[in-house]
There are 2 protein chains.
Amino acid sequence: MKVTKEKMAEHREKIIASAAKRFRERGFEGIGVAELMKEAGLTHGAFYGHFASKEELVELAMERAFRDSNAKWEKVIAEAEGDPLQALGEFYLSLRHWKNAGTGCIFPSLGGEITRQPTRVQNAVTEGLQRFLGLLGGAIRGQTEETRRRKAIAAYASMVGGMVLARSTKDPALSAEILEAVSEALPGIAASAPTP
Amino acid sequence: MKVTKEKMAEHREKIIASAAKRFRERGFEGIGVAELMKEAGLTHGAFYGHFASKEELVELAMERAFRDSNAKWEKVIAEAEGDPLQALGEFYLSLRHWKNAGTGCIFPSLGGEITRQPTRVQNAVTEGLQRFLGLLGGAIRGQTEETRRRKAIAAYASMVGGMVLARSTKDPALSAEILEAVSEALPGIAASAPTP
DNA sequence: ATTATCTATAGATCTATAGATAATGC
DNA sequence: ATTATCTATAGATCTATAGATAATGC
């Protein structure tokens with residue numbers, strides 16, 4: 001039953017990728033080790049040859065999710081024809097993102113649960129968030145570095161909260177209304193004068 | 001072991017109050033029926049004399065949490081000396097709220113989990129959210145009803161997302177920076193022109 | 001007599017581990 | 001010989017239920 005080194009590395013990647021997706025879809029406790037391993041075509045006993053614990057997988061899955069999201073954001077910024085913030089807002093506050101939690105931003109899916117995770121997971125999230133704010137700050141106009149960072153934080157908070165609210169109801173009209181209203185408010189955040 | 005009707009009603013209230021608090025602190029799956037009953041001074045078997053299922057308690061706890069929050073918001077609006085939106089923003093984006101998830105807004109605590117709850121729970125949340133937006137819309141300046149509602153949605157999304165991000169890190173400086181940046185951006189949202 | 005609560009337990013999870021199996025790679 | 005995976009299971013949950021107990025309230 002032993003496999004080649006390459007196969008084993010593939011298995012590991014597959015487990016992390018499944019976890020990154022399923023955790024965002026169902027929460028950290030919404031899928032167990034056994035089902036994740038089944039998705040990778042393995043038995044759950046084999047899990048502990050790859051990872052020391054489920055907690056370790058949670059950490060790796062968060063890093064993976066951040067890397068994937070980062071790549072998407074960079075692409076949206078690079079391909080934006082007009083204002084990059086507006087392009088990011090449309091990308092984030094889209095029906096596509098609303099429907100696909102598994103491939104989307106971790107905060108609307110797992111925001112509440114992250115607070116209850118062990119320190120190592122929270123540290124991975126903090127690093128990812130800081131990198132993200134740097135990326136977003138670069139896409140926002142502002143006189144000083146500090147202004148751009150503040151605007152990035154405010155804009156990102158709007159987007160995250162907008163998705164949380166839009167996903168919390170099954171009323172499609174209300175969801176659409178929320179996504180639209182938050183989208184429209186983004187320029188106001190980007191244009192607001194920095195209060196010293 | 002039978003108790004008076006009044007005592008039983010008290011027990012019921014105590015269970016719902018504990019649930020409303022603990023669910024916000026630990027998530028819906030973070031506390032079980034047995035521990036909730038222990039907090040009310042009862043055994044877990046007695047639970048099913050009060051509620052048909054844990055799901056029913058989740059629904060009742062959400063209604064309770066919304067009622068409590070609503071009362072707090074009304075108080076803040078009534079007692080606001082300047083701009084009520086600014087007062088609400090300071091109240092919501094405070095260190096006090098950051099530290100006390102159990103008595104705070106349900107969305108930063110349970111936002112991600114609500115999507116995965118059964119319809120009856122989501123319906124309770126949708127009703128609560130709509131009432132909330134009505135309350136907030138009344139505290140925001142704007143020419144038309146529609147404008148006020150849009151601004152209310154955008155402002156609330158900012159606050160919710162700000163708290164999600166602030167709670168997702170253990171770095172106190174980053175948390176404080178996020179709460180401050182989102183607070184400062186609120187006037188920009190309230191002042192933004194409605195895009196037709 | 002009725003019923004709110006308690007004791008005890010069924011049945012279904014879940015994480016993690018121990019030892020067996022079989023294929024890689026020296 | 002080493003080791004990635006598998007089988008089987010320990011031990012700890014959790015929701016829900018059945019039947020016993022004892023106090024209320026007719």
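Only a predicted model underlies this, so the values are computations on that prediction, with no experimental measurement involved. Note on naming: letters A, B, ... go to the chains in the order of the sequence lines (proteins, then strands), and numbering restarts at 1 for each one.
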Interatomic distance, A:His50 NE2 vs D:dT5 C1' [rounded to whole Å]
8 Å
Please answer whether the main-chain N or O of A:Pro172 pairs with a side-chain N or O of A:Ser175 as donor and acceptor at a distance below 3.5 Å.
no
For the atom pair OG (A:Ser109) and CG (A:Asn100), what is the distance rounded to the nearest 0.5 Å?
10.5 Å
Which nucleotides of nucleotides 12-18 of chain C have their base under 4.0 Å from a protein heavy atom (B), which only their sugar-phosphate (S), and which neither (-), written as one string 5' to 3'?
---SBB-
Separation of A:Phe51 atom CZ from D:dT5 atom C1', in whole Å?
14 Å
Whole-Å distance between C:dT3 C1' and B:Arg12 CZ?
16 Å
Reported CG-to-CG distance for the pair A:Leu135 and A:Leu88, which is rounded to 0.5 angstrom:
7.5 Å
What base-paired stems does DNA chain C take part in, with at least 3 consecutive Watson-Crick or G-U wobble pairs and both distances under 3.5 Å?
C:1-24 with D:1-24
So, for A:Gln117 and A:Gln122, which heavy atoms are closest and what is the spacing to 0.1 Å?
O-NE2, 3.3 Å
Is A:Glu39 reaching over with its side chain to a backbone N or O of A:Ile15, donor-acceptor style, under 3.5 angstrom?
no
Look at the rings of B:Phe132 and B:Tyr156 and say which category their plane angle falls in: under 30° parallel, 30 to 60° tilted, over 60° perpendicular.
parallel
Donor-acceptor pair, side chain of B:Trp98 and main chain of B:Ala166, under 3.5 angstrom
yes
NZ (B:Lys21) with more than 12 external heavy atoms under 6.0 Å
no
Flag if over 12 foreign heavy atoms under 6.0 Å of NZ, A:Lys170
yes
Between atom NE2 in B:His11 and atom P in C:dT3, what is the gap in whole Å?
18 Å
Using the 3.5 Å cut-off, write out each protein N or O paired with an N or O of nucleotides 24-26 of chain D and the distance between them.
residue : atom : partner : partner atom : Å
D:dT24  : O2   : B:Lys2  : NZ           : 3.1
D:dG25  : OP1  : B:Lys5  : N            : 3.4

Side-chain (A:His11) to main-chain (A:Val3) donor-acceptor, under 3.5 angstrom:
no
Rounding to an integer number of Å, can you tell me how far A:Lys38 NZ sits from D:dT5 C1'?
17 Å
Under a 3.5 Å distance rule, please check whether A:Thr147 uses its side chain to pair with a backbone N or O of A:Gln143 as donor and acceptor.
no
